[in-house]
Amino acid sequence: MTDPQILLAERVQQALGTAFGQEYATEDPLIRPSQFADYQANVALSLAKRLRRAPREVAQALADAIDRTDVTVEVSGPGFLNMTLSDAWIAAQSARQAGNERLGVPQGTPKTVVIDYSAPNAAKEMHVGHLRTTIVGDSLARVHEHVGDKVIRQNHLGDWGTPFGMLIEHLLDVGEAEALGRLAAGDGNAFYQEARHKFDNDRTFEERSRSRVPQLQGGDPATLRLWDEFIEYTKRYFNHVYDVLGVTLTDDDIAGESMYNAMLADVCDELERTGVAVISEGALCVFPPGFTGRDDQPLPLIIRKSDGGYGYATTDLAAIRYRVSDLKTDRILYVVGVTQSLHFQMVFAAARMAGWLHDGVSAEHVQIGSVLGSDGKMFKTRSGASVKLTELLDEAVSRAEAVISERYDDPALRKEIARKVGIGGVKYADLSVSHDSEYVFDFDRMLALTGNTGPYLQYATARARSIFRRAEIDPADVSGPILLGEPQERALALHLLGFGAAVEAVAETSEPHRLCNYLFDLAQAFTSFYETCPVLKAEDESVRLSRLSLSALTLKVLLQGLNLLGIEVPERM
Ligand code: ARG
């Protein structure tokens, strides 16, 4: 099948070539959905200046040159090219989409894509910020896999360094068994805060903690054993959260900071030997060009502190070198908070200077915006502590249960629906805003049955399913010619054809909200269709079959789309 926007783009490009010469045939035709036609092309407006001609004249020349098979074309406004596809073309493409297992999602040339996401700190409890990097990253992993890429998930756990000296000493003070029990129960945040408090207020504790770090980095067996226990317990806790969230990360995807420990000395050596890094005030630093701090002084990326210790940047440089040379990646996506933007810009720049990052590889920071409370500040509990993720997810589920409680008597069924609606609502809220903007965490909005929400989309699938349940037909068995008698049928069929482009756009731009918007518009198109076009009660048998086919196709696209977002769907709602 052909995507309508791609067909129209090709037609306009051909016309550009015919009307103005082949050098214009690769111009972006700027196709957009239109209020007055199916689509409009805006290229005449941008081209007019360069050609020194009136935009309407340019548009008219394109309209005269364009191949009008299955398309009507009209010049409108200041120089838009309005284009409308024939019903016959839409119906034929729709039938092909229904028969296509991939529902029109193309498989591109496979690339290897490393996706660095989730990455909580083993020392602390996971907070809402990590919820968002986890959910966005997981959706990107699913999308890339679906378009045929080889995805390598990398959970860059914060499992190493100074905080562990402090935590191990606190663990010894509290007693090993008790400490580990508390961590397993998800009490990591309080545990961390106690350790921090002692560290800040108790000199001898501070000294003990500091001298623990070289023992850890040097591989002292007793220290490593405690560290290991610590990590095992926190991993178990993270896995529980991933499980509740339905996230695809497993232990095999863990490539935490500790993994790079053995490479750090060599990373520094290589950078120093090649002159990329220099000693400045006792520390080994890279000064990537273009980065300046106060007083326009060059900004250093410190890779070995004056006391010999390595830092976060050293580890990320080791990780880039490893991902490019060992994992042979074509693309690295860092799904990490927007506050780390400068860190990544400098790390990428330093890796380029070292030749580890070259033109064949693209490293991209997928910036994740902060999650705010209703007061517009960072999301915190009333006492000021950061909100515990597991409690938050439990609350989402129990609130969802309250919303649907009147409709389901069977407690097991109700629990199952509430789980999918509650978790799906939270995940969808994370995905449906552009990943770099902030948003306010608001249960009422996330769990609303109307608007651009997870529950609204889940409800649309339940509605489509109910048609087939009532008719006792398996949606997989429906096929028949598509008839587009009513405008709602035409709008639905046309919108369905855009699924492939929406999925491809997510893989290209790392913006899952584009798929959310697409699915939301689809659910709305389906709702208007459902409300105006009787399906099972259609009088004409061929109309009934066509509407069943459109409903089945909508259901499949919604399910596939939600699956790519990582959102589970209840059978009924
Ligand atoms: N653990 C870090 C944090 O919580 C995020 C790590 C992101 N990934 C990376 N390669 N630096 O802030």
Side-chain angles (χ1 to χ4, degrees), residues 113-138 140-141 151-164 166-167 188-189 192-193 196 227 230-231 234-235 237-238 241-242 247 249 253-261 263-264 267 286 301-303 310-327 329 331-352 356-357 361-371 378-379 386-389 430 435-436 510:
V113 185
V114 163
I115 308 184
D116 179 323
Y117 72 104
S118 192
N121 298 316
K124 297 189 201 169
E125 217 251 349
M126 238 170 139
H127 61 75
V128 260
H130 293 120
L131 179 73
R132 204 168 177 201
T133 59
T134 304
I135 289 170
V136 172
D138 206 52
L140 294 176
V151 172
I152 305 177
R153 293 165 175 78
Q154 295 274 276
N155 191 352
H156 195 89
L157 279 190
D159 62 357
W160 202 244
T162 324
F164 284 89
M166 179 177 100
L167 286 160
N189 247 352
Y192 178 86
Q193 262 142 24
R196 179 90 234 176
W227 172 82
F230 212 139
I231 298 299
T234 35
K235 264 197 322 210
Y237 168 71
F238 292 147
V241 175
Y242 295 152
V247 158
L249 285 169
D253 306 315
I254 293 178
E257 293 178 14
S258 62
M259 183 183 114
Y260 300 101
N261 183 47
M263 309 176 196
L264 302 182
V267 161
V286 182
L301 185 70
I302 300 175
I303 57 170
Y310 307 113
Y312 188 54
T314 329
T315 309
D316 261 324
L317 282 168
I320 282 204
R321 192 177 70 165
Y322 167 76
R323 288 165 182 181
V324 177
S325 72
D326 292 47
L327 300 180
T329 190
R331 214 176 153 185
I332 317 177
L333 306 178
Y334 292 83
V335 189
V336 187
V338 60
T339 50
Q340 296 189 27
S341 164
L342 182 62
H343 163 77
F344 284 113
Q345 285 177 42
M346 292 184 80
V347 166
F348 297 165
R352 257 180 237 116
W356 297 340
L357 202 55
V361 184
S362 94
E364 300 157 45
H365 180 192
V366 181
Q367 306 184 350
I368 300 298
S370 307
V371 182
M378 290 298 267
F379 193 49
S386 62
V387 180
K388 264 191 168 184
L389 206 60
D430 247 351
H435 61 67
D436 54 353
S510 305

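Reckoned from all heavy atoms, side chains included, excluding hydrogens, waters and symmetry mates. For ligands, and for the atoms within them, numbers begin at 1 and follow the listed sequence. Since this is a predicted model, take the numbers as computed values, not measurements.
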Students often mix this up, so state it plainly: with edges at 30° and 60°, are the rings of Tyr334 and Phe344 parallel, tilted or perpendicular?
tilted
Check whether any side-chain heavy atom of [X] lies under 4.5 Å from a side-chain heavy atom of [Y], and answer yes or no.
{"X": "Leu249", "Y": "Tyr117", "answer": "yes"}
{"X": "Arg323", "Y": "Asp116", "answer": "yes"}
{"X": "Ile115", "Y": "Ile152", "answer": "no"}

What are the atoms of ligand 1, with element, lying closer than 4.0 Å to any heavy atom of [X]?
{"X": "Asn121", "answer": "1 (N), 2 (C), 3 (C), 4 (O)"}
{"X": "Tyr312", "answer": "2 (C), 5 (C), 6 (C), 7 (C), 9 (C), 11 (N)"}
{"X": "Val336", "answer": "7 (C), 8 (N)"}

Can you tell me which residue and heavy atom of the protein come closest to atom 4 (O) of ligand 1, and the distance to 0.1 Å?
His130 NE2, 2.8 Å
Nearest neighbour in protein (non-hydrogen) for atom 8 (N) of ligand 1
Asp116 OD1, 3.1 Å
Measure the distances from the heavy atoms of Gln340 to every atom of ligand 1 and state whether one is below 4.0 angstrom.
yes
Take every heavy atom of His343, measure it against each atom of ligand 1, and state whether any distance is under 4.0 Å.
no
Backbone or side-chain N or O of [X] under 3.5 Å from ligand 1 N or O:
{"X": "Ala119", "answer": "yes"}
{"X": "Tyr334", "answer": "no"}
{"X": "Glu257", "answer": "no"}

Once rounded to the nearest 0.5 Å, what's the spacing between atom CG of Asp159 and atom NZ of Lys235?
8.5 Å
